[in-house]
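Report on the following structure.
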Amino acid sequence: MDNKENIKHEPLVRFHEVTKRYGSLTVLDKLNLDIQANEMVSIIGPSGSGKTTVLRMLMTLEMIDEGVIYLEGKPLTHMESNGSLVLADEKHIRSIRSNIGMVFQQFNLFPHMTVLQNCVEAPINVLGLKPDEAEERAIDLLGMVGMLDKKDEHPSRLSGGQQQRVAIARALAMRPKVMLLDEVTSALDPEVIGEVLSVIRKLNSEHNLTMLMVTHQMGFAREVSDRVCFFYEGKIAEQGPPSQIFEAPKNERTKQFLSAVLNAN
Amino acid sequence: MFNGIGITIAQMLCSTALAIIISLIFGLMRLSSNRLILGIATVYIEFFRGTSLLIQLYWIYYVLPLLINISLEAFYAGFIALGLNFGAYGAEIVRGSIQAVPRQQWEAAKSLNMSPILLMRRIIIPQTFPHLLPPFSNLLVELLKATALVSLISVTDLFFMSKVFNQTYWMSLQVFGTALIIYYILARFFLTPFLRWLEILAARKVGKLIG
Amino acid sequence: MNLEWRWDFAFEILPQLLWGTVYTLMAAGIGYFIAIFIGLLFMLGQRTRFYVVNRATREVVEFIRSTPLLVQLFFVFFVAPQFGIKFSAWNAAMITLGLHYGTYLSEVYRGALEAVPKQQWEACKALNFSVSRTYGKIILPQAFPVALPGMGNYLVGIFKDTPMLATIGVVELMQSANTVGSLTYRFLEPYTMVGIIFLIISLPTAFGLRKLETVVAKRQGISKK
Ligand SMILES: Nc1ncnc2c1ncn2[C@@H]1O[C@H](COP(=O)(O)OP(=O)(O)O)[C@@H](O)[C@H]1O
Ligand SMILES: [Mg+2]
């Protein structure tokens with residue numbers, strides 16, 4: 001695992017036999033999932049199938065029970081100690097966590113800070129950027145998501161779509177290698193979903209960011225994804241290019257799920 | 001009598017400062033996942049809330065100096081006892097108001113790779129103020145009233161001076177009446193308006209935004 | 001002065017302290033009992049439509065709440081004789097505790113009544129219930145669980161304030177310890193033991209009250225989260 005050749009072809013993110021339980025409930029069941037650099041992977045599946053949990057594990061908001069998650073070939077959840085893998089401590093987790101950014105369903109902006117402060121807080125205090133450097137970066141990103149004119153507003157004054165675009169800029173300001181998006185449009189009014197989707201589209205096409213996206217927007221997943229994973233009961237029941245998943249699903253569950261979603265629309 | 005008021009205010013300020021520090025430390029410790037830290041904080045809080053302030057005051061003034069062989073001036077013993085006692089109550093307020101901040105705020109801060117200290121200092125604690133201040137204001141009014149107890153270990157505060165006057169002139173109505181009115185004025189026209197102002201300030205800065 | 005803990009001395013003074021404890025509990029109990037009624041009066045005074053009574057009650061309550069119990073104790077005990085009324089230390093203490101905690105309890109009652117939804121009053125009016133039926137059958141049963149935590153807190157609170165009574169010479173636990181201390185010049189054992197006795201009583205009481213709250217809330221069908 002140490003030779004250079006191997007590292008190059010290493011996926012950016014690898015879930016290896018990852019299991020997560022809450023009490024007696026097994027939420028993720030020996031999950032294996034590889035994500036290549038610059039890949040856009042969508043996760044779809046019924047509610048409660050463990051989609052959010054996958055992202056939360058990768059973001060290290062929660063510990064896994066079994067298996068290992070690798071980032072660029074290095075274990076994220078574990079660290080090497082005397083030649084064997086042990087559960088990672090806070091320090092190790094923080095050093096790796098900096099590569100990952102996350103956008104939440106409920107935006108989770110810091111309500112006591114302005115839009116700009118939301119975007120510079122971590123770059124200054126975590127990355128150690130100089131304030132004007134961080135501000136420059138934040139202004140760039142706010143421009144990209146179309147929120148520059150609101151930079152001095154507090155989140156409570158913004159619509160859901162606007163808050164979500166700020167949340168995306170805030171996560172990007174940390175220059176993560178992987179972006180995790182958890183149903184970022186589910187809490188939005190229908191008329192503002194489009195503005196958030198177009199920001200993600202832009203990230204995908206222009207910035208070539210590696211993204212792992214949980215979504216219920218089937219049309220959007222189909223349009224932007226390189227690969228779609230269908231989750232069922234803590235496992236990937238089926239995965240493949242969007243054309244295959246949406247047009248010729250092989251798995252019975254996938255068929256059921258897709259027809260249920262399409263009927264609902 | 002004026003000196004007495006000064007001492008009462010000094011006691012109030014010193015014990016408030018101590019109580020705030022204690023509240024923060026033990027309030028945060030109460031949220032720790034480390035059993036030992038949690039245990040220490042719980043014992044501290046239950047101990048100081050379970051016994052009487054007056055007993056703690058006497059103990060700190062009469063017993064503690066003998067045990068650890070120091071001499072503790074009454075003034076110090078006074079505000080230390082007040083601060084330790086009210087800090088225990090304040091710690092529970094701090095804990096409650098931190099728990100009232102939505103869990104998602106923690107997660108958002110972690111996803112930006114903030115250290116636990118930065119997360120607390122910049123994200124969580126500022127959001128606790130609107131929850132924290134109203135009960136804390138009540139606590140501080142109680143603290144002001146409780147400063148009268150330090151007269152019992154012969155700190156020459158407002159009440160101590162009133163007792164001296166009473167013994168000299170035997171005009172209980174005038175002397176104790178005046179003392180009551182001064183306490184009332186301090187609480188109603190100085191402390192409470194100041195705390196209200198802080199609450200409004202916090203509400204304006206954070207509360208309205210949190211909604 | 002000897003600094004070591006002496007068990008023999010501790011045991012010697014224990015009976016005296018336990019007697020003190022009995023008086024302390026009595027003082028807390030009686031004081032609380034009085035406070036319950038005075039609180040009711042204050043609450044009614046603050047709810048009445050007669051402006052003068054209403055206003056005056058509010059001011060009195062505010063005044064008592066913002067001034068120290070200890071000073072009030074001295075005021076009642078030393079000032080009354082100037083007007084020819086002579087209270088024993090015990091009676092002065094009960095009056096003061098009752099008044100002081102009455103103001104707190106009136107706040108608790110007020111909050112609890114306000115917690116009963118307005119629609120409940122309107123429903124009673126619509127059903128043409130009498131005032132006593134409205135209060136007795138509808139309002140108070142709903143207000144009580146809300147009032148209980150506050151009332152419990154102040155019961156423990158009054159208990160923890162009783163050591164102050166020693167300052168006007170009421171013989172209770174603290175006074176017993178003071179007496180022992182001044183006779184023997186040993187403070188370590190009496191004051192420590194007083195502290196422990198307080199812990200032994202107040203912690204289980206607080207715990208029991210919390211249990212009671214959940215039981216009552218359940219019985220009333222108002223589940224606590
Ligand atoms: N903190 C938790 N404690 C207990 N169960 C949880 C917790 N978080 C999630 N779960 C359970 O795990 C399962 C998967 O949740 P989640 O990953 O959020 O599903 P999805 O995002 O696919 O809807 C659900 O059954 C949920 O109830
Ligand atoms: Mg989810």
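Quick note on labels: first sequence line is chain A, next is B, and so on, each numbered from 1.
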Any C:M164 side-chain heavy atom under 4.5 Å of B:L149 side chain: yes
B:E142, part contacting chain C, at a heavy-atom distance under 4.5 Å: side chain
Atom group of B:F159 that falls short of 4.5 Å from chain C, counting heavy atoms: side chain
Sub-4.5 Å side-chain heavy-atom contact between B:K145 and C:L69: no
Non-hydrogen side-chain atoms of C:F63 and B:R188 separated by less than 4.5 Å: no
pair C:L188-B:L66: side-chain heavy atoms closer than 4.5 Å: no
Which atoms of B:L173 approach chain C - backbone, side chain, both or neither, heavy atom under 4.5 Å: both
Interchain contact, B:T147 with chain C, by part (heavy-atom threshold 4.5 Å): neither
C:S202 side chain to B:G50 backbone, donor-acceptor under 3.5 Å: yes
Side chain, backbone, both or neither of B:L180 within contact of chain C (heavy atoms, under 4.5 Å): both
Parallel, tilted or perpendicular: ring planes of C:F74 versus B:F176, cut at 30 and 60 degrees: perpendicular
Side chain to side chain, C:L70 and B:L54, heavy atoms closer than 4.5 Å: no
When C:I200, C:T192, C:D161 are compared by non-hydrogen pairs under 4.5 Å with chain B, the top option: C:T192
Choice from B:A187, B:A148, B:S172 maximising heavy atom contacts with chain C below 4.5 Å: B:S172
